[in-house]
Amino acid sequence: MGVVSKRGAFGLLAALLVVLLGVALAIGTGRGERVDIAAPAPSAPEVVPAAQGEWVATWSAAPSGAEPGTRDGLPDQTIRNVVRTSVGGNGVRIELSNRYGSRPVTFTRVTVALSSALGGAAAHEGTMHRVTFGDGTSVTVPAGGSVLSDAAPLELPHAADLLVSLYTPESSGPVTYHRMAQQPNYLARGDQTSRLSGSGFAHASDVWRYLTGVQVFTSQADGAVVVLGDSLTDGITSTPGANRRWTDFLAARLRGDAEAPNLAVLNQGISGNRLLRDGAPDRLFNGAAGLSRLHTDVLPQPGARSLVVQLGINDILLQPRATDAQAIVHGLNRLAEEARAEGLRVLGGTLAPFGGHPGWTPELEQIRQQVNHQIRTAGIFDAVVDFDRVLRDPAAPHRLLPGFDSSDGLHPNDHGFRAMAEAVDLAELVDHTTEAQAL
């Protein structure tokens, strides 16, 4: 059984407000429909007007494919995912995805808890809560679909490590996963979802399984900024387990600046992702094209207010290559227009240098420069984040600054990721014209 926290009433309040607000989040996943199950309406000791809060996504990870070696799923195993929140709140919901599954997957027990000070798979005593789905503890997610849980009564701080534990008793199809988490996550035999200690979670791996989103009920956040990107956003060369992706540094900046908008930061990066093309048949883990991911991985995010686009370098670098800069520019413009039509403010990142990479050629560099010129001058985006300017070596502008290079000539290190976050003008993340009109 989960341990009820001293602030459990807030979670009950959040569950009640789900019903009062009539939250309807049935959103297509690209391969199936999300199965949303309305939260129950328990009697809560405190009732706060609905206007005082809303559901906002605080963490996300884009599904990148079917995990190799999991043809039959992970039967009779507990998956313990570890994720870092960006904003906090009173009440938690989670989204589980079976987008790349070939058969339904059943979870008979799911829990959430705060990570203990010891880190790893250990949970903080007094924070463990069972997650329900339509007032039941078991849920089956159809192949290609996803499910949103009821509200769990957990008070979630800003920048907290949250443990989401899932037990799958029976065989299913391949596991939908996020391939490069840069975060140890854990497996244990049997149902260990309520175990506080990390004992039994002997197997660690660098992937997130089934979990694609965490939402909080909050009256403090102004919404969320979603980052659609490739391996630079995925942070695959950041220090594992240290939360040093550039989006983590951006979230820290937003939390630490009293004048900045209070926004959650949602990382929707997939290593190898391209703007114009899906992953090649032998690289399906690179995900669908960014143009289609706008509709599956960005627009459905609750509270999404702005979008940062960091895509295009893999279109130049990976085969078959986009050898026409205008094709990339056209794709960026289309993506921006579609996002803007849905009410998002759209920021575009320039393409970072990759001169130290084995795939670099002068011809590809010319394409990169042409795309960057259009990003800076053509008015494609509401604002520009000039990653190229902050990452390049002034003595050799086609290369990363040596102090920012992870050693492969393409991906930044932790210092480079911090520089990327600092390139964002925080005030540009919200539309102040709209705010002024609202006042």
Side-chain angles (χ1 to χ4, degrees), residues 1-21 23 25 34-48 50 53-61 78-97 107-116 121 123-139 141 146-158 160-167 191-196 208 210-221 264 302-303:
M1 292 289 291
V3 181
V4 179
S5 70
K6 291 185 287 185
R7 298 295 297 273
F10 286 95
L12 295 176
L13 163 64
L16 174 61
L17 286 170
V18 175
V19 178
L20 294 176
L21 290 170
V23 178
L25 295 172
R34 181 155 79 185
V35 181
D36 284 333
I37 302 174
S43 58
E46 301 176 51
V47 177
V48 179
E54 63 177 340
W55 287 102
V56 173
T58 184
W59 175 88
S60 68
T78 296
I79 302 161
R80 181 158 285 184
N81 295 296
V82 184
V83 304
R84 172 61 63 94
T85 63
S86 53
V87 298
N90 297 317
V92 173
R93 300 193 303 199
I94 64 170
E95 184 180 53
L96 304 177
S97 175
F107 304 98
T108 56
R109 192 178 177 97
V110 178
T111 63
V112 291
L114 297 180
S115 176
S116 77
H124 194 289
E125 188 173 0
T127 68
M128 181 76 70
H129 293 276
R130 183 178 298 181
V131 176
T132 61
F133 302 85
D135 206 22
T137 59
S138 179
V139 66
V141 188
S146 63
V147 64
L148 184 66
S149 78
D150 303 331
L154 173 66
E155 184 173 356
L156 190 66
H158 303 297
D161 286 332
L162 180 70
L163 308 180
V164 181
S165 302
L166 320 168
Y167 177 62
D191 183 356
Q192 305 292 333
T193 51
S194 295
R195 180 179 289 275
L196 292 177
W208 286 306
Y210 293 118
L211 182 69
T212 54
V214 177
Q215 304 172 14
V216 293
F217 189 81
T218 176
S219 60
Q220 300 176 18

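Reckoned from all heavy atoms, side chains included, excluding hydrogens, waters and symmetry mates.
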Pairwise side-chain contact, [X] with [Y], heavy-atom cut-off 4.5 Å (strictly under):
X: Val110; Y: Ile94; result: yes
X: Trp59; Y: Leu162; result: no
X: Val139; Y: Ser149; result: no
X: Leu148; Y: Gln215; result: yes
X: Leu114; Y: Leu156; result: yes

Might you work through the side-chain contact (heavy atoms from CB on, under 4.5 Å) test for Leu96 and Leu211, ending with a clear yes or no? CA-CA 5 Å; Leu96 304 177; Leu211 182 69; 4.0 Å; yes

Would Phe107 and Tyr210 count as a close aromatic pair, with their ring centres under 6.0 Å? yes

When rounded to the nearest 0.5 angstrom, what distance separates [atom1] in [X] from [atom2] in [Y]?
X: Ser194; Y: Arg109; atom1: OG; atom2: CZ; result: 3.5 Å
X: Leu196; Y: Thr127; atom1: CG; atom2: OG1; result: 7.5 Å
X: Glu54; Y: Thr218; atom1: CD; atom2: OG1; result: 8.0 Å
X: Arg80; Y: Arg195; atom1: CZ; atom2: CZ; result: 8.5 Å

Apply the test side-chain contact (heavy atoms from CB on, under 4.5 Å) to residues Thr193 and Leu166: give CA-CA distance (whole Å), side-chain angles for both, the deciding distance (0.1 Å), then the verdict. CA-CA 6 Å; Thr193 51; Leu166 320 168; 5.8 Å; no

Taking all heavy atoms of [X] and all of [Y], pick out the closest pair and write down the distance.
X: Ala121; Y: Leu163; answer: O-CD1, 3.6 Å
X: Thr111; Y: Arg130; answer: CG2-CA, 4.2 Å
X: Val164; Y: Val112; answer: CG2-CG1, 4.1 Å
X: Val56; Y: Ala264; answer: CG1-CB, 4.2 Å
X: Ala123; Y: Met128; answer: CB-CE, 3.9 Å

Under the 3.5 angstrom rule, does the side chain of Trp208 hit a backbone N or O of Val82 as a donor-acceptor pair?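 Yes.
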
Kindly write out the residues that satisfy salt bridge (Lys or Arg N to Asp or Glu O under 4.0 Å) with Arg84, not counting sequence neighbours, or none if the list is empty. Asp161

Holding to side-chain hydrogen bond (donor to acceptor under 3.5 Å, both in side chains), I want the full list of residues that pass it with Ser60, two or more places apart in sequence or in another chain.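 Only Gln268 meet the side-chain hydrogen bond (donor to acceptor under 3.5 Å, both in side chains) criterion with Ser60.
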
Verdict with reasoning, Phe217 to Asn90, per side-chain contact (heavy atoms from CB on, under 4.5 Å): CA-CA 5 Å; Phe217 189 81; Asn90 297 317; 5.5 Å; no

